[in-house]
Structure formats: structure tokens, C-alpha cells
Amino acid sequence: MSFAVLPCLLPSLLLGQSEPEPPPPSALETLVSRLKVEGGVGVYYGYNFNRPAGGVSFIPGTGTTGKRDNELTLNLASLGVSLEPAPVGFRVLVGIGTAGFFALAWACTHGCERL
């Protein structure tokens with residue numbers, strides 16, 4: 001074989017090679033890639049320009065979560081985890097705060113039997 005043919009074969013040899021396939025992801029990597037973490041915080045700040053005595057700013061039962069003047073109130077803080085369905089998934093959302101209590105109170109005054 002002469003060396004004159006080598007430059008003609010070199011591109012076909014280089015182009016014919018392919019990179020090896022990466023190994024498939026493990027079951028744990030697949031599971032972690034489907035997991036999603038979420039969260040949120042809702043707060044309310046109320047200020048009353050009348051500066052009420054004792055700080056009580058709103059009439060009880062009006063539906064606001066900020067009951068006192070010049071205070072920051074936590075409405076809702078939530079943390080959730082979800083898993084994309086492939087073929088089965090889930091979603092769990094846990095919350096704490098006063099917003100849920102007001103929603104329930106409103107629903108009960110407007111027909112609790114629908115809950």
C-alpha cells in the first residue's frame with residue numbers, strides 16, 4: 001500500500017468514528033430529575049393613620065389577617081414537593097398561616113354543606 005492513498009483515507013477514517021454513547025442515567029438520577037420543590041410566603045402589613053389605642057385596627061370578623069396597627073402578619077407560608085407523573089406522580093403542599101382560617105370561615109358563613 002502506498003502512502004499516497006493515506007490522505008484520501010484519512011477523512012473517511014476520522015468521520016467514521018463516533019463518540020461512545022453516554023451511559024443511561026441511574027434510577028436515582030431519573031427520580032431526582034422529576035422532583036420539584038416549591039414554596040411561597042404571603043404577608044400583610046397594616047397601618048392605620050388614626051393610630052388607634054391598643055393597636056386594634058379592624059373590626060373583628062371583617063376578614064383581614066392584619067388585625068393590629070403597624071404590624072406585619074404572616075398570611076400563608078407553604079412548602080411543597082411534586083414528582084412528575086411517569087407514569088405515577090404526586091404533589092404534596094403544606095401550608096401554615098392565618099389565610100386558610102379566613103377562607104374556611106367565609107365558606108362556613110356561605111354554606112358549609114358545600115365543603
Side-chain angles (χ1 to χ4, degrees):
M1 178 175 192
S2 84
F3 289 110
V5 180
L6 189 58
C8 296
L9 292 176
L10 192 59
S12 65
L13 289 173
L14 292 175
L15 294 175
Q17 296 177 356
S18 64
E19 293 186 22
E21 297 263 337
S26 69
L28 181 62
E29 289 173 335
T30 305
L31 181 69
V32 169
S33 70
R34 292 173 42 209
L35 268 176
K36 292 184 181 173
V37 178
E38 60 184 287
V41 175
V43 295
Y44 177 83
Y45 176 76
Y47 185 80
N48 190 336
F49 289 99
N50 293 326
R51 311 284 301 186
V56 178
S57 189
F58 298 101
I59 300 169
T62 59
T64 183
T65 57
K67 296 189 181 313
R68 299 183 54 79
D69 174 44
N70 202 20
E71 283 188 359
L72 189 68
T73 305
L74 175 69
N75 284 341
L76 182 67
S78 64
L79 181 63
V81 177
S82 62
L83 183 69
E84 287 183 22
V88 177
F90 65 86
R91 183 173 187 195
V92 176
L93 186 64
V94 178
I96 187 169
T98 56
F101 300 123
F102 285 104
L104 183 61
W106 180 88
C108 285
T109 58
H110 292 83
C112 240
E113 63 276 356
R114 289 184 280 171
L115 292 178

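Predicted, not measured: the structure shown is a model, and the values here were computed from it.
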Enquirer: Looking at every non-hydrogen atom in both residues, tell me the closest pair between Val88 and Leu83 and how far apart they are.
Expert: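 Closest approach of Val88 to Leu83, heavy atoms only: O-CD2, 4.4 Å.
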Enquirer: Show the nearest heavy-atom pair for residues Val81 and Phe90, with the distance to one decimal.
Expert: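 Scanning both residues completely, I find the closest heavy atoms to be O-CE1, 4.0 Å.
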Enquirer: Please list, one pair per line, the donor and acceptor atoms closer than 3.5 Å that link side chains of residues 25-32 to other protein atoms, with sequence neighbours excluded.
Expert:
residue	atom	partner	partner atom	Å
Ser26	OG	Glu29	N	3.3
Glu29	OE1	Ser26	N	3.0
Thr30	OG1	Ser26	O	3.0

Enquirer: How far does CD of Glu84 sit from CG of Leu35, to the nearest 0.5 angstrom?
Expert: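 So the CD of Glu84 and the CG of Leu35 are separated by 9.5 Å.
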Enquirer: For Arg34, give me all partners under salt bridge (charged side-chain N to carboxylate O under 4.0 Å, His left out), at least two apart in sequence or on another chain.
Expert: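 In terms of salt bridge (charged side-chain N to carboxylate O under 4.0 Å, His left out), with neighbours along the sequence ignored, Arg34 is linked to no residue.
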Enquirer: Taking the inter-plane angle between the rings of Tyr47 and Tyr45 on a 0 to 90° scale, is it parallel (under 30°), tilted (30 to 60°) or perpendicular (over 60°)?
Expert: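 Parallel, since the angle between the ring planes stays under 30°.
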Enquirer: Residues sharing Leu79's hydrophobic cluster, by side-chain heavy-atom contacts under 4.5 Å among ILVMFWY, directly or via others?
Expert: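 Taking Ile, Leu, Val, Met, Phe, Trp and Tyr as members, Leu79 shares its hydrophobic cluster with Val37.
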